[in-house]
*Asks:* 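Dumping the structure here so I can ask a few things about it.
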Amino acid sequence: MTDPLLALRPWESPEVTSWGRLPMNAVDRRAGAHSLDGDWRFQLLSAPHAPVGGAWSTAAVPGVWTMQGTDDLPQYLNIRMPFADVPPLSPADNPTGVYEREVDVPAEWTGRRIVLQVGAAESVLLVHVDGRPVGLSKDSHLAAEFDLTEVVRPGERSVLRLTVVKWSDASHIEDQDHWWHGGLTRSVLLYATDPLRLADVTVRARQDGELRVDCLVRDTGGALPEGWYVSGELEGLGPVGLELTQDAAFDLANAEDERVSAFLGEARMQARVPEVRTWTAETPELYDLTVRLHRADGRVADVSRHRIGFRDVEIVGRDLLVNGERIFIRGVNRHDFHPLTGRTVSYDDMRADLVLLKRFGFNAIRTAHYPNDPTLYDLADELGFYVVDEADIESHDHAHEIADDPRYLNAFVDRVSRMVLRDKNHPSVIIWSLGNESDYGANHDAAAGWVRRHDPTRPVQYEGAAKLGWADPKLASDIACPMYAPLEDCVAHALSGEQTKPLIQCEYSHAMGNSNGTLADHWAAIEATPGLQGGFIWEFWDHGILQTVNDGRPVGRGGAGLYDNGVTAPGYRWAYGGDFGEKDHDGAFIADGVVFPDRTPKPVMFEHREISAPVRLEGFRHEGLVVSNHQHFRGLEWLAGRWELSLADGRTLTAPAELPALLPGETAVVPLPLELPADGGEAWLTLRVTTAEELPWAPQGTDVCAPQVRLRAAEPVTEQTVASRVEVDAEGLLVHPLLTAAPTLSLWRAPTDNDELGGMALRWRTWGLDSLVRKLVSVHRDGVSVTVDAEYAGATGVVRHRQVFTPVDGGLRVEERAELPEEFDDVARVGSVFETVAGLDLLEWFGQGPWESYPDRSGGAPVGHHSLPVDALFTPYLRPQESGGRHGVRRFTLSAPDATGLAVTLDEPRQVSVTRFTAEDLTAAAHHDELTPRAGCVVHLDAAHRGLGTASCGPDTFPSYLVAPGVHHWSWTLRVL
Ligand code: GAL
Ligand code: MG
């Protein structure tokens, strides 16, 4: 007999979103439930109709089978669907995972209602118990619950089978930009309740302490027994305790409805909490609320526990307000990702993500592009994040057809409403998002209508609607939430007088490879322009999957310890699109996060930490330093400070700092903490700010920010020429005992992802900048100086280059001049490159640092004395590219452990990089396992270096960060230590 679930062909029926599935609600049943996680019997069929065989393997639940040894491997596609079938069809070849296990139903559950909860399954879930069909569900990132009371027997053993069909009509609306997987990605639970139970609890907790708790009580049939009631108990983090009782007036009003029996199953409790401590991302104050359903004799039939926060969200004019304050959204888009498990993330993983974000100044998350595991919201409430909760709808490849397709109407409303029903009680959730990149149609308006009615307390956003008109009130978006809008367009809109909605970019500053140029410029504009409130960086993760190089398979769960600091062990690498043999893929576009696949922060994280500094130094006047509090809701009590004065002569003086008592937005002038020595040259004063106490997300002493002011500018240095001989070879190349490759002109950098996808690298290659041919023109000796003229010929133009070598006290001065033809109007760099002997493994420099910085990503790195091993200077962006630069370098030494080596002094602060790879090495490699580090160092000193921008998806850098054609001058002095 055909299984009725299969007979429905639910994988090609978008109208069928579920069958036998229980309504979503906000009663958390995780505590006290029986976990069914662990190893299950497993087999992978070639299609849902294929017969289940006798040969089982095992699979870990939760987990994706695509990472557990099957031949169905992960595939990365951004927009294109992985199959040609148009909506609502799916391919005949359709991997289908059959998971099976025995379940022992506890004998003490007799008389109780027994519920199965499947945390998440992608994309169609079919449930059978002992061969009997129980239900089906779609919506791959939300739980599905099924009532098993009629199909299992307490005290007995049943066989539970979960069949997961990978491709379906639903895949067409789950076309998000990440890996395609298949499996059960979240936990599976079994729990029991009284047949009469709390079916839902809705909490409204306002900034003024007003609390309303609406309870929905359901039974399995029949009238509510006489005398049952609900109660509530609120426990504060302090002494506040509050008893809540059922609101009789509300019940009475309900009872007056004569069409129903006396009890509608709705009960309300209300209270006002005195001196309430309000919730914000800065002050995540939570109260424990316990809601109880009582039998007539007072005994408890059901309990629902909530951690609630009192706060208001509203839009007033064009401002998004939390508790009446216009906040800044320092957000990031976060996918569920793990390099070993694909999509399954544990409590520890989620906590680690949020702790890291907190430490780097982020205060907001967009759950791109689907509802996350419930734990993520608990953690966001607890640690303090504003959340844009996004429904699992992205129909990118077929967006236009689906947005108005009535066959998908149910799915849109189902997905959005289920998310709202589940997450409505989280204070962290401040905005609902209808999904991503799905065009705009009636299906969206239907979903928005449902939300607005059900939850009038939060705004709704949807980029696909907002893009039709940032100020248009008719569209289903209360926020103007563009993606990758040019900054000047945002500013112009805010200044236009036409703005009606808060402007918060749902995605901006695309973090692919070496990127996030102009982030500091964005924030300078956001903070200075009323109407702009921030945005969400795209994105948190580089989704590299740990892969064995020789057989190309995902390593899977056993791979912990095979990576460190973003770098994989030999024989392994981070796989991106194409690395699993996929014919269709979108390459390294999956590696576009602010952290590596092992969560190691990329340099942009440090930049972000400074940009979002809660305390700033606004400047230096003769009365002292202007210190300000840049937070919205709290003072500086949680911070400690230390002053650090860095002098160009190498000295660093320190003094303890006492942070002034400042309310949000206030400034104060504090006296200069250290006397500025009369000598020592350029001087920078830094306020090193750390956490003063242990916080849930940081131990005491964790770095928070390091704002800085310059107290004295550099003085020009004059170097004495000495009588000594400079050696150059027959090609006019410098001969120096510490250099294995003489300084030559460089106009090439290993293209960043932005350079490649933005089209710059193509122009550079067309000009021949990757293979300039040097030709010596002349060598002149003039006294002690040697002047070498050379030409560097590209495919379409010639660069004239001159070097003048002059012996100076203790070394050699190199004065350089390069003249770029007009057609080379946007090159990567103009500068010198040379290579050193092996053994010089420590870089010490005076300049910005210590983290990597570039001209348009240097807003935060403080000027000071920094030192790092050469190997630690390089950032291993997944696809090798330009990396390791330091901006604003005044001088540096490269030394061996015995302190011998070389010292370079630059004429002015310059972009410098010291790595083990030439630009050509990096250009030629697609993965790091293809690179062999050189024993010596490759040193670049740039007269000019192009900004990074974000052109892999979004705006390029600003014109002010481009390298102009024409004449460039730079000079530097090389000394032997
Ligand atoms: C956006 C999209 C994201 C991601 C990003 C590029 O258009 O919403 O999912 O694809 O571009 O990395
Ligand atoms: Mg997309």
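As a basis for the values below, the full set of heavy atoms in this structure was taken, side chains included, without hydrogen atoms, waters or symmetry mates. Residue numbers run from 1 in the order of the sequence given. We count ligands from 1, going down the list as the structure has it; atoms in each ligand are counted the same way.
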*Asks:* Would you give the length of the straight line joining atom CZ of Arg458 to atom CH2 of Trp432, rounded to the nearest 0.5 angstrom?
*Replies:*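 One gets 4.5 Å once the value is rounded to the nearest 0.5 Å.
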
*Asks:* Restricting to N, O or S, what is the name of the atom of Glu394 that lies nearest the Mg ion (ligand 2)?
*Replies:*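 Considering only N, O and S atoms, Glu394 comes nearest to the Mg ion (ligand 2) through OE2.
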
*Asks:* With sequence neighbours excluded, what pairs up with Phe83 under the ring-ring contact (aromatic ring centres under 6.0 Å, His included) test?
*Replies:*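 Only Trp167, His172 meet the ring-ring contact (aromatic ring centres under 6.0 Å, His included) criterion with Phe83.
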
*Asks:* Partners of Trp470 by side chain to side chain donor-acceptor pair (under 3.5 Å), sequence neighbours excluded?
*Replies:*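 Result, side chain to side chain donor-acceptor pair (under 3.5 Å) vs Trp470: none returned.
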
*Asks:* Rounded to 10°, how big is the angle at the Mg ion (ligand 2) from Glu437 OE1 to His396 ND1?
*Replies:*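 My answer is 80°, to the nearest 10°.
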
*Asks:* I'd like the contact residues of ligand 1, where contact means a heavy atom below 4.0 Å.
*Replies:*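 For ligand 1, the residues that come within the 4.0 Å heavy-atom cutoff are Asn78, Asp177, His369, Asn436, Glu437, Met483, Tyr484, Glu507, His510, Trp538, Phe589, Asp592, Cys953.
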
*Asks:* Parallel, tilted or perpendicular, judged at 30° and 60°: which one describes the rings of His141 and Tyr370?
*Replies:*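 Geometry flag for Tyr370 against His141: parallel rings.
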
*Asks:* Kindly confirm whether the Mg ion (ligand 2) is within less than 2.8 Å of some N/O/S atom in His369?
*Replies:*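 For His369, the answer is no, given that no N, O or S atom comes within less than 2.8 Å of the Mg ion (ligand 2).
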
*Asks:* Once the angle between the rings of Phe606 and Trp851 is folded into 0 to 90°, is it parallel (under 30°), tilted (30 to 60°) or perpendicular (over 60°)?
*Replies:*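 Phe606 and Trp851: parallel rings.
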
*Asks:* So, Asp175 and the Mg ion (ligand 2): N/O/S under 2.8 Å, yes or no?
*Replies:*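 Coordinating: no.
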
*Asks:* Please evaluate residues Lys138 and Glu174 with respect to the criterion salt bridge (charged side-chain N to carboxylate O under 4.0 Å, His left out), reporting the C-alpha separation (whole Å), side-chain torsions for both, the decisive distance (0.1 Å), and the verdict.
*Replies:* CA-CA 11 Å; Lys138 297 175 189 173; Glu174 295 179 0; over 6 Å; no

*Asks:* Go through the structure and list residues passing salt bridge (charged side-chain N to carboxylate O under 4.0 Å, His left out) with Lys474, not counting sequence neighbours.
*Replies:*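 Counting only residues at least two positions away or on another chain, Lys474 forms a salt bridge (charged side-chain N to carboxylate O under 4.0 Å, His left out) with Asp472.
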
*Asks:* Answer yes or no for Asp177: is there an N/O/S atom below the 2.8 Å cut-off from the Mg ion (ligand 2)?
*Replies:*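 No N, O or S atom of Asp177 is closer than 2.8 Å to the Mg ion (ligand 2), so no.
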
*Asks:* Parallel, tilted or perpendicular: which fits the ring planes of Tyr462 and Tyr440, with parallel below 30° and perpendicular above 60°?
*Replies:*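 Rings of Tyr462 and Tyr440: tilted, as their planes differ by 30° to 60°.
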
